[in-house]
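Order of the sequence lines fixes the chain letters, A, B, ..., with proteins taken first and strands second; residue numbering starts at 1 for each chain.
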Amino acid sequence: MPIYGSDSYEKAPAGGGGMGANYRGSRSSYVPPHIRNRPQSVDPPAVPNSYAGAALGNDRQGYGATGGGFHNVGPRNDRNFGGGGGRGGGGWNNTNRNNGWDRGREREANPFQDDDVDVEPGIGSHENTGINFDAYEDIPVETSGKNVPPPVNTFADIDLGDALNLNIKRCKYVKPTPVQRYTIPISIAGRDLMACAQTGSGKTAAFCFPIISGILKSSEYAQRQRVPRMAFPLALILSPTRELSIQIHEEAKKFAYQTGVRVVVAYGGAPINLQLRDLERGVDILVATPGRLVDLLERARVSLQMIKYLALDEADRMLDMGFEPQIRKIVEQMDMPRPGVRQTMLFSATFPKEIQRLAADFLSDYVFLAVGRVGSSTDLIVQRVEYVLETDKRSHLMDLLHAQIANGVHGKHTLTLVFVETKKGADSLEHWLCVNGFPATAIHGDRTQQEREYALRSFKSGITPILVATDVAARGLDIPHVAHVVNFDLPNDIDDYVHRIGRTGRAGKSGLATAFFNENNSSLARPLADLMQEANQEVPAWLSRFAARSFHGKNRRGGSSGGKFGGRDFRRDASFNRGGGTDFYGGVQINNGYGSSGGYGGGYGSNVTSAWD
DNA sequence: AAAAAAT
């Protein structure tokens, strides 16, 4: 099915200068165990003696451990137990060990009860349970790298621990999705990972399960240093939009429920004080957008020196021109442990070669994983392209919406997501739709965070079943019941198109994607036609003519990705290996998602390879 | 040229 990608990433080198200069001054000299004896270690912060034993906020309730082996670390202050240190100490998979938690004043909310409160029960209340596992059956999976750990077939194949297993049951996950089958053992084995996988394929769980499990098993978990007003997360998950961070946080809280592992989210546009308070109460997994995290780091309210796990969601976006300097600052210029010391996992549905090259800086001896699209054999998303002049777009959209109503395809749980190019365009289209009797709302980066979150809720709940959005909503958001994605304005980059239409046809369900195409989109004709063809979609003759006319230098399909996958390991490229060692890349395996390699015989690999090259 | 991300 579809080929995702383009050669169009011609990004300028990242600036990134002038950062992190004033951070070091405020550091102290404590050396955590995992970076001791390192050749070029950063000046690690000490716990000032005057603070030793002070009431520190970064504590965890109901968790044992003597802070042995840590100089300069005073006795723990278990605020909720009136000073009893060294509690518990039970097995890491003992769900009862945080009984104390519930006795404290910060009772952990049950994330499984107040889900989607404004959605009718039975439809939206378990958005993660509607996964159509049959659609996963024959998904092709490709791995490359040295000594790739084999996939598992069930969650029970890996001992994630009782608490985590219980949450897996609560989520009603029966068996792991392909990305989970491969990612979890790779991650448990401690390997770095670059994974191409569609969001909505269980990606968040794929990196959360090993992180939570690893944290529970680690000694750092119990032996945390205390510095006042400074949080020391063990895992960091970065995402490119606030709403995506919120979503990841909500999911991660389910997975971490009653494990004692604390998940905190930090993003811009919201009061920082609440986030600071959450951080002070203790954080193991920090989910954040880059800007706010940099702010927290500069205020010295967060230290990354204890990070054992780093996950970048939508990693190709995180490393594009707009984000790369911030990401480099966070990952390379603060106090985060180096690659090889920490474990790094990068995820995206698309992974252009140029971005892979940048990403390699953050990784150590990593495994590359490409999971074919859910429904790659059944074409769950029907893609249509219509020729519509700029001036006709509104009336054409109106026709589509009327047709949906006529077909009975409308209502609370048939949502339509309309992508436009600009924030102004989003505002005016929303207004026009409302004036014309279509309940619509809009989301874009010029709205307040409150407005953005309200718009998303209103859309998800079906109060306004039409959402007009800029690319802020293009990636990662898991919105059940999006039946139709309209590309009112097409993006310039085919990868963005792929992410946008991925908002429908989620979790193995079918969906429709309609694009309005005209002369302004000429540069997209070729990649769009190619992509549709490989997705077995009907390509209009006029689009093929546009494609034939277009220049082939840019946006030509090629090295960045291809075939049934969202990407291909760039280490396999001849150009990459030409100058250097050849041992870096360790071989490829192509398998079906389940069972052995039936269905995609030998010819498959070579075909795809030639298409990629 | 636009979008996102800190205040």
Side-chain angles (χ1 to χ4, degrees), chain A residues 8-12 14-16 18-20 22-23 236-248 265-276 279 286-302 312-331 334 348 355 390 417-429 442-453 455-456 467-477 487-497 499-500 503 519-524 554-555:
Chain A
S8 61
Y9 281 78
E10 290 160 11
K11 309 294 190 187
M19 293 170 163
N22 57 2
Y23 187 61
L236 176 63
I237 301 171
L238 293 173
S239 96
T241 66
R242 298 165 182 173
E243 285 74 17
L244 187 51
S245 281
I246 293 168
Q247 176 181 302
I248 294 167
V265 67
Y267 55 89
I272 200 168
N273 284 339
L274 296 177
Q275 294 172 6
L276 288 172
L279 289 169
L286 177 59
V287 185
T289 49
R292 177 54 60 90
L293 178 60
V294 168
D295 189 6
L296 292 167
L297 291 167
E298 284 173 349
R299 294 175 188 226
R301 299 300 295 265
V302 169
L312 301 193
D313 205 0
E314 307 298 337
D316 63 332
R317 171 61 84 231
M318 303 300 277
L319 292 170
D320 85 3
M321 222 178 29
F323 272 119
E324 202 214 20
Q326 276 182 308
I327 300 302
R328 279 202 188 276
K329 172 168 186 173
I330 292 166
V331 177
M334 306 304 283
S348 182
I355 301 289
E390 289 298 326
L417 180 51
V418 183
F419 281 105
V420 296
E421 195 59 20
T422 66
K423 294 179 270 201
K424 255 180 69 181
D427 283 333
S428 77
L429 185 59
I443 185 168
H444 61 68
D446 275 355
R447 298 252 163 130
T448 67
Q449 191 54 30
Q450 229 181 358
E451 289 171 326
R452 287 167 58 159
E453 285 173 38
L456 209 50
L467 178 67
V468 183
T470 59
D471 268 331
V472 69
R475 284 170 175 263
L477 293 186
N487 273 291
F488 188 91
D489 302 318
L490 274 164
N492 294 315
D493 189 319
I494 191 67
D495 282 352
D496 291 331
Y497 173 85
H499 284 276
R500 285 180 177 187
R503 294 318 98 211
E519 266 80 3
N520 297 335
N521 313 113
S522 302
S523 71
L524 200 69
K554 203 190 164 188
N555 253 344

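Atom pair A/D446:CG and B/dA2:P shows a separation of 12 Å (rounding to whole Å applied). The CE atom of A/M334 sits 14 Å away from the C1' atom of B/dA6 (whole-angstrom rounding). Atom CG of A/D496 and atom C1' of B/dA1 are 13 Å apart (whole Å). For the pair A/Y497 OH and B/dA3 P, the computed distance is 21 Å after rounding to whole Å. Between the P atom of B/dA2 and the CG atom of A/D493 lies a distance of 17 Å, rounded to the nearest Å. One interatomic measurement links the two molecules: CZ of A/R447 to P of B/dA3, which rounds to 13 Å at whole-angstrom precision. Between A/L319 atom CG and B/dA5 atom P there is a gap of 17 Å when expressed in whole angstrom units. Rounding to whole angstrom units, CG of residue A/L296 and P of B/dA5 are separated by 15 Å.
For A/R242 and B/dA6, the shortest distance from a side-chain N or O to OP1 or OP2 is below 4.0 Å. Phosphate contact (OP1/OP2 of B/dA6, side-chain N/O of A/T289, threshold under 4.0 Å): present. Taking only side-chain nitrogens and oxygens, A/K423 comes nearer than 4.0 Å to OP1 or OP2 of B/dA4. Considering only side-chain N and O atoms, A/T470 lies under 4.0 angstrom from the phosphate OP1 or OP2 of B/dA4.
Distances were taken from every side-chain heavy atom of A/Q326 (C-beta onward) to each of B/dA4, B/dA6, B/dA5; the shortest belongs to B/dA5. Nearest nucleotide to the A/H444 side chain, out of B/dA6, B/dA2, B/dA4: B/dA4.
Ion pair A/R500/A/E421 flagged as a salt bridge, since at least one NZ, NE, NH1 or NH2 atom sits closer than 4.0 Å to an Asp/Glu carboxylate oxygen. Under the 4.0 Å criterion applied to side-chain N and carboxylate O atoms, A/D320 and A/R317 are assigned as salt-bridge partners.
A/N492 contributes a side-chain N or O that forms a donor-acceptor pair with the base of B/dA1 under 3.5 Å.
At a threshold of 4.0 angstrom between heavy atoms, the contacts of A/G445 are confined to the sugar-phosphate backbone, with no base atom among them. Among the protein residues, A/D471 comes within range of no part of the nucleic acid, since none of its heavy atoms lies under 4.0 Å from any strand.
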Inset, instruction - Begin with the C-alpha distance, continue with both residues' side-chain angles, and end with the deciding distance and a verdict on salt bridge (charged side-chain N to carboxylate O under 4.0 Å, His left out) for A/R299 and A/D295. - result: CA-CA 6 Å; A/R299 294 175 188 226; A/D295 189 6; 3.0 Å; yes
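Among A/R452, A/R475, A/R447, the single residue meeting the salt bridge (Lys or Arg N to Asp or Glu O under 4.0 Å) criterion with A/E243 is A/R452.
A/L276 places a side-chain heavy atom less than 4.5 Å from the side chain of A/L296.
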